[in-house]
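Note that the structure is predicted; figures quoted are calculated from it, not measured.
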Amino acid sequence: MLDLLAQNLLLLLFIIIGLGYLIGNVNVGGLKLGVAAVLFVGIFFGALDRRLSLPEHIYVIGVVLFVYPMGLQAGHGFFASFRKRGLRFSVIAFLTLLAGGILAVVAMRVMGISAPSAAGLFCGALTSTPAMATATETARHLSANLPHEMRDLNASSTVVTYGLTYPFGVFGVILWFFLAGKLLKVDKDKEALEAQKETAAEEIFSRTFRVTNPAVVGKTVEETLRPMGDAGFILTRIRKGDKTDIVVPAAVLELNDFVVAAGDADALRRAEILFGEIAPEHLAEGLGGIRYRRIFVSNKEIVGKSIHELNLTHELHAVITRLRRGDVDIVPRPDTVLEMGDRIRVLTHRKNMERATKYFGDSLKSITETDYLSLSLGIVLGVLLGMIPIPLGQGLTFRLGFGGGPLVMGLILGRLERTGPITWEMPFNANLVLRQVGLVFFLATIGTKAGYGFSIIFQSGGWGLIVAGVAITSIITLTTIVVGYKFLKLPMAAVMGLMSGIQTQSACLAYANQQTETDLPNIWYTTVYPASMVAKIIIAQLLVSLMMT
């Protein structure tokens, strides 16, 4: 059997992936290893026979296909996380992770382990597979001039240490969440009531107003709304006498006109103050031949453009009144950028509806397809970026490599969303599939390469590495809980979400969600997750680069 697998590496690759997924779905106490099990299966096969080592090019392809789409997906959220409260807590997350990096360096000095092992310790204790991937690639690059066995040992040191410390990185955080809830005597019901206002979903309403405010009479809609900046509502229809039409910016408001606004409750209260009073009867859809339709955004020509850029009232005599992204309905603002797969509610005249549908695309097939030209170009730019040497002083240089270069380029292009005719964004489903394929290719390959050195590293200090990982995970988790709950006065549900985001660990988030009926864990998880993910990658690479040069 081993001879068969050694001679058929493609067969070996998919056996590892298949077994990894099978084991990863085994539920132990409500927790699963998930895709990380592919790594452990790869280590097992690599330890059985040194010949069971998958080719390096599979590992490189896997890294690139994993980190680039991940950057595209996280790009907008990463830069948005620096706004308002996100900036403050992104800095806190970075400093927390930097402390984890310092603890890894201390462990390296005390235990006498190598820099790649210290990076693996950091990545495993703080459960970051992307950081482990880029650190491994950096270690291999910096070991290029060393003998083959030493190069493989440096790379496998990161992976093996990661594998040893990863389990407690997941289970340990959940354990401390449980103990903190008991020791601090958290009142979950009280926190749920206090959090209800913050986490309540903003329901969108539609309401008709009669223009009675003399301050707006005689002004255009554009002139009326301009001083408000972001009004929080959108005007959809206007009725003058017996004629109902779509609202356009140049429409002049006259006394006793009726206008329909869509927005949340607070925004509609502002609209009432602005226009004068609520109309006794709602201006129903269907009057004047006006209809609405839910349409999928699938036209690549408009994806990545803001609603203001599209100038829909001029191009289509239409208006977008709702936008559903994922499971959330939002009020479309002029600066709202349309993404592939958005489901929008378009209001226009019945005779114009087919043209509006064609304009936005409305194709389910299109939102699952991938533009391989933009994908290839983005990856090429990322690989080239990763090859650029960055001077660190005293003759030292640093390269982002195959892991960091495509990731940074993905973040940038994900934020840009569109450059001229090129749409960088990928449909969510296609992005997820590509990431998963890249991740399992990487984990399977690097696992087989690490398997041979697993016993060597474990025998030369494996239990010590596990203890060091437990210490780092516990110190970081307890510090975050104490600072968040005692000093920042956050609810425990928010603290658990914050720590899960710093840990970039969905299993911890799942446990946090089980402990509360509010959405606080999800809100705080997404607040720091993008910055934490990137910070871990940078810190892990610096651990390897600075300590090996």
Go through the steps for L465 and I113 under the test side chain to side chain contact (heavy atoms under 4.5 Å, CB included), then give the verdict. CA-CA 9 Å; L465 291 171; I113 59 177; 3.9 Å; yes
Go through the steps for F233 and L274 under the test side chain to side chain contact (heavy atoms under 4.5 Å, CB included), then give the verdict. CA-CA 12 Å; F233 61 83; L274 179 65; 4.1 Å; yes
Chi angles and distances behind the side chain to side chain contact (heavy atoms under 4.5 Å, CB included) call for I234, I320: CA-CA 9 Å; I234 183 171; I320 300 175; 5.6 Å; no
Please walk me through it: do Q436 and Y21 pass side chain to side chain contact (heavy atoms under 4.5 Å, CB included)? CA-CA 11 Å; Q436 288 287 80; Y21 262 96; 3.1 Å; yes
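Distance CZ/R324 to CZ/F296: 10.0 Å, rounded to 0.5 Å. With values rounded to the nearest 0.5 angstrom, I466 atom CD1 is found 8.5 Å from T165 atom OG1. Annotation: the span from L97 atom CG to I539 atom CD1 amounts to 5.5 Å, rounded to 0.5 Å. Residue I537 holds its CD1 atom at 8.0 Å from CG of L411, rounded to the nearest 0.5 Å. From H308, atom NE2 reaches atom NZ of K305 across 12.5 Å, with rounding to the nearest 0.5 Å. Remark: I17 CD1 to L22 CG distance equals 13.5 Å, nearest 0.5 Å.
The backbone N or O of Q503 sits less than 3.5 Å from a side-chain atom of T127, completing a donor-acceptor pair.
Under the side-chain hydrogen bond (donor to acceptor under 3.5 Å, both in side chains) criterion, T236 pairs with no residue, sequence neighbours left out. Evaluation of the side chain to side chain contact (heavy atoms under 4.5 Å, CB included) rule for I295 yields R293, I344, V346, T357, F360, D362 as partners, not counting sequence neighbours. Residues forming a side chain to side chain contact (heavy atoms under 4.5 Å, CB included) with V437 (at least two apart in sequence, or on another chain): V433, F441. Checked against side-chain hydrogen bond (donor to acceptor under 3.5 Å, both in side chains), R270 has no partners two or more places apart in sequence or in another chain. For R269, the side-chain hydrogen bond (donor to acceptor under 3.5 Å, both in side chains) partners at least two apart in sequence or on another chain are D266. For Y162, the ring-ring contact (aromatic ring centres under 6.0 Å, His included) partners at least two apart in sequence or on another chain are Y166. With sequence neighbours excluded, no residue satisfies salt bridge (charged side-chain N to carboxylate O under 4.0 Å, His left out) with R322. For I379, the side chain to side chain contact (heavy atoms under 4.5 Å, CB included) partners are V64, L65, Y68, L375, V383, not counting sequence neighbours. Evaluation of the side chain to side chain contact (heavy atoms under 4.5 Å, CB included) rule for A93 yields I502, V528, S532 as partners, not counting sequence neighbours. When the side-chain hydrogen bond (donor to acceptor under 3.5 Å, both in side chains) test is applied to S306, the partners found at least two apart in sequence or on another chain are E309. Every residue two or more places apart in sequence or in another chain was checked for a salt bridge (charged side-chain N to carboxylate O under 4.0 Å, His left out) with R294, and none qualifies.
By the 4.5 Å heavy-atom criterion applied to side chains, M409 and L413 are counted as neighbours. Taking 4.5 Å as the limit, some side-chain heavy atom of I278 sits within range of a side-chain heavy atom of F209. Looking at V216 and N213, their side chains come closer than 4.5 Å, going by heavy atoms from C-beta outward. Side-chain contact between V173 and M499 is present, with at least one heavy-atom pair separated by less than 4.5 Å. Two residues are said to be in side-chain contact when any heavy atoms from C-beta on lie closer than 4.5 Å; L126 and I476 meet this criterion. Annotation: side chain of T96 is not in contact with side chain of T479 (no heavy-atom distance under 4.5 Å). Here the side chains of F89 and L490 are in contact, with some heavy-atom distance below 4.5 Å. Residues I307 and R333 have side chains not in contact (no heavy-atom distance under 4.5 Å, counting atoms from C-beta outward).
In plain terms, the two heavy atoms of F168 and S474 that are nearest each other are CE2-OG, 3.6 Å. The heavy-atom pair separating L347 from Y292 by the smallest distance is CD1-CB, 3.7 Å. The two residues W424 and L72 make their nearest non-hydrogen contact at O-CD1, 3.5 Å. Here the closest heavy-atom approach between residue V260 and residue S206 is recorded as CG1-OG, 3.4 Å. What you find for F177 and S500 is that their closest heavy atoms are CE1-OG, 3.8 Å. What you find for T158 and A135 is that their closest heavy atoms are CG2-CB, 4.2 Å.
For the pair R435 and F66, the cation does not sit on the ring face, since its NZ or CZ is not both under 6.0 Å from the ring centre and inside 45° of the axis.
In the model, T477 has no side-chain atom that pairs as donor or acceptor with a side-chain atom of T480 under 3.5 Å.
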